[in-house]
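Heads up: the structure comes next, in structure tokens.
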Amino acid sequence: MGLLAERCRLERPGLEVSYPFGRTIAAYYTQAITKDAPDPAAARLWEEFLYSSLGQNLFLQGYARPIELPGMIANKTVNQGFLAKLPAAPKGAVTFQP
């Protein structure tokens with residue numbers, strides 16, 4: 001069980017956390033910049049970094065499928081070493097890879 005799930009379970013008696021087996025879970029990295037952010041410009045720069053080739057290759061290095069992967073392959077900006085180590089997607093999984 002993940003640390004966050006365990007903490008929530010301890011703080012909220014009766015909460016059940018389940019992990020589906022035999023299924024694929026997609027969790028896209030969601031980002032937001034609040035209007036009251038201490039430095040909105042820095043937050044925007046962070047967003048730009050996450051979607052840059054370097055940022056996307058870091059996701060790939062961590063065995064996540066970057067949303068920009070098809071474009072990175074087409075533009076030859078994908079790290080071939082990281083791509084070679086990426087496990088095949090489970091059968092029936094929907095991916096954005098060409």
Side-chain angles (χ1 to χ4, degrees):
M1 180 179 299
L3 292 175
L4 179 58
E6 179 64 16
R7 189 178 85 201
C8 289
R9 187 183 66 75
L10 293 173
E11 292 174 356
R12 297 176 180 91
L15 176 70
E16 291 183 28
V17 178
S18 63
Y19 295 91
F21 293 97
R23 301 281 184 222
T24 301
I25 299 175
Y28 299 98
Y29 32 96
T30 305
Q31 299 288 318
I33 302 171
T34 65
K35 67 178 183 175
D36 298 324
D39 192 341
R44 284 190 296 275
L45 288 172
W46 174 245
E47 294 282 321
E48 289 178 18
F49 170 75
L50 289 177
Y51 292 97
S52 71
S53 294
L54 177 58
Q56 294 287 289
N57 273 306
L58 289 173
F59 279 110
L60 184 60
Q61 183 181 16
Y63 301 102
R65 293 182 188 282
I67 194 69
E68 299 292 337
L69 188 57
M72 293 167 61
I73 292 170
N75 296 331
K76 298 184 169 105
T77 57
V78 69
N79 182 303
Q80 293 295 326
F82 299 158
L83 184 60
K85 292 179 182 178
L86 186 65
K91 184 178 180 183
V94 175
T95 66
F96 297 97
Q97 187 170 341

Report the distance from atom [atom1] of [X] to atom [atom2] of [Y], rounding to the nearest 0.5 Å.
| X | Y | atom1 | atom2 | result |
| --- | --- | --- | --- | --- |
| Asp39 | Arg44 | CG | CZ | 8.5 Å |
| Leu83 | Arg65 | CG | CZ | 9.0 Å |
| Leu50 | Glu68 | CG | CD | 11.5 Å |

Quiz item: Can you find a pair of side-chain heavy atoms, one from Phe82 and one from Leu58, that are under 4.5 Å apart?
Solution: no

Exercise. Check whether any side-chain heavy atom of Gln56 sits under 4.5 Å from a side-chain heavy atom of Val78, and report yes or no.
Key: no

Quiz item: Is the side chain of Asn57 donor-acceptor paired with the backbone N or O of Asn79 at a distance under 3.5 Å, no angle test?
Solution: yes

Quiz prompt | CA sep, side-chain torsions, deciding dist, call: Leu45, Glu47, side-chain contact (heavy atoms from CB on, under 4.5 Å) | solution = CA-CA 5 Å; Leu45 288 172; Glu47 294 282 321; over 6 Å; no

Self-check item: Heavy-atom closest contact (Ala64 atom, Leu86 atom, distance)
Solution: O-CD1, 4.3 Å

Practice problem: Might you point out which heavy atoms bring Pro66 and Met72 nearest each other, and give the distance in Å? | Solution: CB-SD, 4.5 Å

Exercise. Only counting residues at least two apart or in another chain, list the ones meeting side chain to side chain contact (heavy atoms under 4.5 Å, CB included) with Glu11.
Key: Arg7

